[in-house]
Amino acid sequence: MKKRTSRSWPLAWMAGLLALGACSPKAASVATTSATPPPTTEAVPQPAASSFRIPVEYYTLPNGLKVVLSPDHTAPTATVAAYYNVGFRNEPRNRTGYAHLFEHLMFQGSQNLGKMEFIQLIQKNGGVLNGSTRFDFTNYFEVVPSHKLETMLWAEADRMRGLAITQANLTNQQGVVKNEVRVNVLNQPYGGFPWLDMPQFANKNWNNAHNFYGDLKDLDAATLADAQQFFKTFYAPNNAALAVVGDFEPAEAKAWIEKYFANIPAATQPPKPDITEPRQEQEQRFTKDDKLATKPALAFAYHMPDRNTPEYYALILLDQILLQGKDSRLYQAMVQKRGLTDNVNGGINYLGNAFNYAGPMLWMGDLVYDQSVKSDSVVSVLDQEISRLAKGGIDQSTLDLAVVKLRSSLYDQLSGSDNFGRADMLASFALFDNNPARINELENEFRKVTPAIMQRTIQEYLRPTNRTILIVNPLAKS
């Protein structure tokens, strides 16, 4: 859960990071920071439909575990990803940060593996691993040489079946997480800005608006009974999805999954909390004092349309037009033309990407600027660029260019050498949509977006009354 410093997330592979920052996001957003050429006046041809299809075999075990298999024989590696349908939004009240705390506990030992032995097992077999806590899930993944796939499936099943939840492990990890909060948020300039701060200001529903990292007093209050009940409830197979991607034979993988996972008992699941947000009717503005920051910063956030609606796909394309790359409208206006800042960061879902979440989400942007720049000047430029799109409309060539940029980012994510991007989407779509094959329909959905849909999306979702502004007031001397 490190602060997002660009549109791409760092890769936290080493075991030491699992102790200090296991929830550092691994998946890059569909938005990228790759430089793009300056805009031209030439028409962009409509991209040809892609014939690329990702293999997807999907089934559910009798105990409720959702399983997705996607063979890819490009490299002799296999990726195992276990996703549990519990994240920040449905952690217990008065136990803020508990979903993240529990992520740390998952590396403290299980029935047949002692403390840190899970990590050592992967590393000694030439693999890499990590875990993270997000808005709507907690995930764990390993990338190993393909001949070690069975070993990884056994190890993941071992901790799903029975985690070593002891008072010693709980006390130890409470200290680790509290130290992580101090290092990454409390003692860092711009700590938590805006990825941790903005949801608390922009949202009204507690599930979406509390401190996801955890208040220190809440972390201290977590008990052994809390941990045992949390594991029994949320880490059951009927609240999970398992994705296996890479160089393997499906029949063999299915036999191993049946052998190691099928006899893990299901658990009764509590009702899902109401995570809906009311329609925002008035702009909100907040200021946060930062005793360690030397320059002011500003973040803006707009509530997203519901997932999988035409407007949802349209806003993802608007993100490409307004915020992604050096040809984007906001980069050109704020950096190139006016010199207000040296960069504008942003995108959809700062703790993941535009696809791996289930509830309400924000489209956000943020920038740091000099003391001589007025925050109202930044907001004015933002308004001007959105107004240009609202009044002038989006022609087909601009829409086509957005699709080209989106396709490039999307397929870059889906074709990564470690196959994690593919496993991430497959597991997410299994958890949230019961349909991992959606991965092959995404490009089609973006092609359905018309200039008219873009226009109504701007009018409803990029209106100032749907916006929250957060300004960092620097208190440190430069």
Side-chain angles (χ1 to χ4, degrees), residues 30-31 36 38-41 43-44 46 194 198 202 277-285 298-338 340-341 344-349 354 360-367 374-406 445-471:
V30 168
T36 50
T40 69
T41 56
V44 177
Q46 175 70 23
M198 184 60 85
E277 284 290 327
R279 185 178 189 268
Q280 186 172 327
E281 303 289 356
Q282 187 174 358
E283 183 189 64
Q284 306 178 98
R285 294 203 182 196
L298 182 146
F300 56 85
Y302 296 79
H303 292 281
M304 285 282 296
D306 290 340
R307 284 176 76 247
N308 306 335
T309 60
E311 292 79 11
Y312 160 81
Y313 293 105
L315 212 152
I316 294 174
L317 293 175
L318 283 165
D319 174 56
Q320 294 291 331
I321 294 168
L322 282 165
L323 203 50
Q324 302 309 323
K326 292 187 177 180
D327 66 338
S328 67
R329 301 294 179 91
L330 291 177
Y331 185 92
Q332 287 290 311
M334 293 185 181
V335 180
Q336 296 290 86
K337 294 180 181 178
R338 293 172 178 84
L340 300 179
T341 181
V344 183
N345 298 311
I348 298 162
N349 187 9
M361 187 49 65
L362 300 169
W363 175 62
M364 285 200 288
D366 66 274
L367 60 150
K374 302 298 183 184
S375 59
D376 284 346
S377 300
V378 176
V379 177
S380 175
V381 174
L382 173 63
D383 283 333
Q384 289 171 28
E385 292 306 314
I386 292 175
S387 180
R388 281 178 59 202
L389 292 179
K391 293 177 180 178
I394 296 176
D395 59 27
Q396 190 62 50
S397 69
T398 301
L399 183 54
D400 291 344
L401 176 59
V403 172
V404 169
K405 291 174 64 178
L406 186 281
E445 295 298 332
F446 288 108
R447 291 180 182 281
K448 294 177 184 176
V449 176
T450 64
I453 295 173
M454 296 284 274
Q455 203 66 17
R456 75 171 186 247
T457 302
I458 295 170
Q459 296 293 340
E460 170 58 20
Y461 293 97
L462 297 187
R463 53 188 166 82
T465 52
N466 188 41
R467 179 172 69 201
T468 300
I469 301 290
L470 176 60
I471 298 168

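The figures here come from the full heavy-atom set of this structure, side chains too, leaving out hydrogens, waters and symmetry mates.
Separating the CZ atom in Arg329 from the CD1 atom in Ile321 is a distance of 6.5 Å, to the nearest 0.5 Å. The line from CG of Asp383 to CZ of Arg463 is 13.5 Å long, rounded to the nearest 0.5 Å. Interatomic distance, Leu298 CG to Asp366 CG, rounded to the nearest 0.5 Å: 9.0 Å. Taken to the nearest 0.5 Å, the CG atom of Leu318 stands 15.0 Å off from the OH atom of Tyr313. Atom CG in Leu399 sits 9.0 Å away from atom CD1 in Ile453 (nearest 0.5 Å). Atom CG of Leu330 is separated from atom CG of Leu382 by 6.0 Å, given to the nearest 0.5 angstrom.
Side-chain atoms of Gln396 do not come within 3.5 Å of backbone N or O of Thr450 as any donor-acceptor pair. Judged by distance alone, the side chain of Gln284 and the main-chain N or O of Ile469 form no donor-acceptor pair under 3.5 Å. Listed for the Ser380 side chain is no donor-acceptor partner under 3.5 Å among the backbone atoms of Asp376. Under the 3.5 Å distance criterion, the side-chain polar atoms of His303 are matched with a main-chain donor or acceptor of Ala202.
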*Begin with the C-alpha distance, continue with both residues' side-chain angles, and end with the deciding distance and a verdict on side chain to side chain contact (heavy atoms under 4.5 Å, CB included) for Val449 and Thr457.*
CA-CA 11 Å; Val449 176; Thr457 302; over 6 Å; no
_Could you walk me through whether Asp395 and Thr398 satisfy the side-chain hydrogen bond (donor to acceptor under 3.5 Å, both in side chains) test, starting with their C-alpha distance in whole Å, then the side-chain angles of each, then the deciding distance to 0.1 Å, before giving a yes or no?_
CA-CA 6 Å; Asp395 59 27; Thr398 301; 2.7 Å; yes
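The side chain to side chain contact (heavy atoms under 4.5 Å, CB included) test with Thr468 singles out one residue from Glu283, Gln280, Met364, and that residue is Gln280.
Side-chain contact between Leu401 and Asp327 is present, with at least one heavy-atom pair separated by less than 4.5 Å. Using a 4.5 Å cut-off on side-chain heavy atoms (C-beta onward), Arg285 and Ile471 make no contact. Looking at Phe300 and Val379, their side chains never come closer than 4.5 Å, going by heavy atoms from C-beta outward.
For the pair Met304 and Leu362, the tightest heavy-atom approach, listed with the atom from each and the gap, is CG-C, 3.8 Å. Looking at every heavy atom in both residues, Ile316 comes nearest to Ala354 through CD1-CB, 3.9 Å. Of all heavy-atom pairs between Met198 and Ala301, the closest is CG-CB, 3.6 Å. Heavy atoms only, all atoms of each residue included: Arg456 and Pro310 are closest at NH2-CB, 4.1 Å. Smallest separation of non-hydrogen atoms from Val381 and Ala333: CG1-CB, 3.6 Å. The minimum heavy-atom distance between Leu462 and Leu315, with the atom names listed, is CD2-CD1, 4.5 Å.
If you look at Tyr461 and Tyr302, their ring centroids are not closer than 6.0 Å.
Residue Glu281 qualifies as enclosed at atom CD: its count of foreign heavy atoms under 6.0 Å is above 12.
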